[in-house]
> 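Below is one structure. I have some questions about it.
First the proteins, then the strands, lettered A, B, ... as listed; each starts at 1.
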Protein chains: 2
Amino acid sequence: MTEEMLDALDRAGVRLTGPRRKLAALIERREGHFTAADLLKDAGRRRMGIGRATVFRLLELLSEQGLVERIDLPDGTHAYIPCEPTHHHHLVCLNCGATTDVDDCGIEAVTREAARRSGFKIEQHRLELFGRCPDCRSAN
Amino acid sequence: MTEEMLDALDRAGVRLTGPRRKLAALIERREGHFTAADLLKDAGRRRMGIGRATVFRLLELLSEQGLVERIDLPDGTHAYIPCEPTHHHHLVCLNCGATTDVDDCGIEAVTREAARRSGFKIEQHRLELFGRCPDCRSAN
DNA sequence: GGATCTCTTGATACCTAGTCTCATGGTTCC
DNA sequence: GGAACCATGAGACTAGGTATCAAGAGATCC
């Protein structure tokens with residue numbers, strides 16, 4: 001995953017600097033979704049001396065490359081999820097924050113139907129699913 | 001629509017005060033989605049003397065009652081949409097901001113399939129569709 | 001209709017997430 | 001090894017939203 005990110009940055013034509021490598025490693029160690037503040041705290045604890053702006057800049061780069069996606073949690077806060085750079089949707093555990101990707105499983109039919117009924121030409125969509133992951137389901 | 005909002009506030013057991021009535025009327029005059037700042041500007045132009053906090057407080061109340069929903073536009077900004085208090089999804093015009101509601105048209109099957117594949121128990125979902133409305137499509 | 005109690009208000013301070021600026025420092029490439 | 005340029009951290013700034021609080025407006029009861 002770290003390799004994947006560094007490759008993507010390389011392909012994007014930006015430099016593989018120290019801060020970027022360190023942050024990529026921190027993202028890899030994270031499980032589930034995280035906020036920019038989480039990452040900054042991680043970096044702070046390890047005395048990495050990485051600035052706020054650098055964190056946001058890397059997240060922006062990664063999200064342009066599709067390796068990270070920003071989602072809107074049900075409580076209105078934003079979080080980032082590491083993911084594959086193909087079109088897909090996220091399933092987020094409301095309990096532990098774990099995420100998995102779901103590829104297109106029928107959403108095309110839904111958008112086509114919505115387009116037909118409304119007369120809109122649909123160009124983008126966003127689908128986010130929230131629930132309980134298998135671990136949290138069996139835990140209680 | 002204004003009536004609907006005032007009724008809902010009444011049912012929610014809160015007072016139908018002057019500022020709330022005025023804001024409800026302003027929301028009614030809006031077309032498509034709007035931000036809290038838009039509403040505040042509207043009120044300012046009419047010298048209504050309504051505070052920022054009051055605007056956010058009303059939007060929160062209305063959203064608890066399901067008469068307004070907060071969505072995340074593709075550019076990452078937030079906007080509010082007046083809508084019916086039933087479960088549904090939004091179709092947003094990327095050009096003019098017009099919105100329409102789409103009721104469930106097959107999304108259940110998608111969530112069931114995602115649940116089956118992932119082992120998650122899906123409790124909530126959010127689907128937002130973006131595109132061009134009929135007017136904007138014919139305009140260019 | 002007035003007194004009273006409570007809810008709501010606007011002002012203001014504050015907060016979080018994110019962006020912009022800029023001088024300094026690290027990379028790349030020749 | 002040096003020049004050019006990209007990336008960095010610090011800190012100011014912005015937007016969107018929340019918390020606090022004294023004062024004002026609604027509802028209620030008589």
> Kindly state which residues belonging to residues 42-50 of chain A come within less than 4.0 angstrom of DNA chain D, counting heavy atoms of the residue only, listed by number.
A/G49, A/I50
> Please state whether the phosphate of D/dG16, meaning OP1 or OP2, lies under 4.0 angstrom from any side-chain nitrogen or oxygen of B/T77.
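No, B/T77 has no side-chain N/O under 4.0 Å of OP1/OP2 on D/dG16.
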> Could you tell me how far apart A/D10 (CG) and C/dT28 (P) are, to the nearest whole angstrom?
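The distance from CG of A/D10 to P of C/dT28 comes to 9 Å, rounded to the nearest Å.
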> Is any side-chain heavy atom of A/P74 closer than 4.5 Å to one of A/L94?
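Yes; the side chains approach each other to less than 4.5 Å.
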> Tell me which one of A/E69, A/H33, A/E31 satisfies side chain to side chain contact (heavy atoms under 4.5 Å, CB included) with A/T99.
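Running side chain to side chain contact (heavy atoms under 4.5 Å, CB included) over A/E69, A/H33, A/E31 with A/T99 returns exactly one hit, A/H33.
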> If I take atom NZ in residue B/K41 and atom P in nucleotide D/dA15, what distance separates them, rounded to the nearest angstrom?
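One finds 10 Å between P of D/dA15 and NZ of B/K41, rounded.
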> Sub-3.5 Å donor-acceptor pair from the side chain of A/R21 to the main-chain atoms of A/L16, do we have one?
yes
> Got a sec: does the CD of A/E64 have more than 12 other heavy atoms crowding it under 6.0 Å?
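Correct, the count exceeds 12.
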> Sequence neighbours left out, what passes side chain to side chain contact (heavy atoms under 4.5 Å, CB included) with B/T54? Give chain and number order.
B/P19, B/L23, B/I50, B/R57
> Can you name the ring-ring contact (aromatic ring centres under 6.0 Å, His included) partners of B/H78, sequence neighbours left out?
A/H78
> Return the residues of residues 29-40 of chain A meeting this criterion: a heavy atom under 4.0 Å from some atom of DNA chain C. Order them by number, or give none.
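Here the set is A/A36, A/A37.
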> Which whole-number value in Å describes the distance from A/D75 CG to D/dT18 P?
11 Å
> Hey, what are the protein-to-nucleotides 4-7 of chain C N/O distances that come in under 3.5 Å?
residue, atom, partner, partner atom, Å
C/dT6, O2, B/R15, NH1, 3.2
C/dT6, O2, B/R15, NH2, 3.0
C/dC7, O4', B/R15, NH1, 3.2
C/dC7, O4', B/R15, NH2, 3.1
C/dC7, O2, B/R15, NH1, 3.3

> Return the set of residues passing side chain to side chain contact (heavy atoms under 4.5 Å, CB included) with A/R11 (not counting sequence neighbours), or none when no residue passes.
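Here the qualifying residues are A/D7, A/A8.
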> Rounded to whole Å, how long is the line connecting atom CG of B/L61 with atom P of D/dT18?
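To the nearest whole Å, that distance equals 12 Å.
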> Could you tell me whether the phosphate oxygens of D/dG17, OP1 or OP2, come under 4.0 Å of any side-chain nitrogen or oxygen in B/Y80?
yes
> Among residues 53-60 of chain A, which residues get a heavy atom nearer than 4.0 Å to DNA chain C?
A/A53, A/F56, A/R57
> Distance check needed: C/dC14 P versus B/R52 CZ, whole Å only.
15 Å
> Could you list the residues that satisfy side chain to side chain contact (heavy atoms under 4.5 Å, CB included) with B/L59, not counting sequence neighbours?
B/I27, B/F34, B/A36, B/L39, B/V55, B/V68, B/Y80
> For B/D10, enumerate each residue passing the side-chain hydrogen bond (donor to acceptor under 3.5 Å, both in side chains) test, keeping only those at least two apart in sequence or located in another chain.
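Counting only residues at least two positions away or on another chain, B/D10 forms no side-chain hydrogen bond (donor to acceptor under 3.5 Å, both in side chains).
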> Are B/D103 and A/R117 close enough for a salt bridge, meaning some N to O gap below 4.0 Å?
yes
> Could you give all pairs that pass the salt bridge (Lys or Arg N to Asp or Glu O under 4.0 Å) test and reach residues 38-47 of chain B, with sequence neighbours left out?
B/R30-B/D42, B/D42-B/R45
> Could you give all pairs that pass the salt bridge (Lys or Arg N to Asp or Glu O under 4.0 Å) test and reach residues 128-140 of chain A, with sequence neighbours left out?
A/E128-B/R126, A/R132-B/E123
> Who pairs with A/T111 by side chain to side chain contact (heavy atoms under 4.5 Å, CB included), at least two apart in sequence or on another chain?
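Applying side chain to side chain contact (heavy atoms under 4.5 Å, CB included) to A/T111 gives A/I107, A/E108, A/I122, A/H125, B/L129.
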> Could you work out which one of D/dG9, C/dA17, D/dG17 sits closest to the side chain of A/H78?
C/dA17
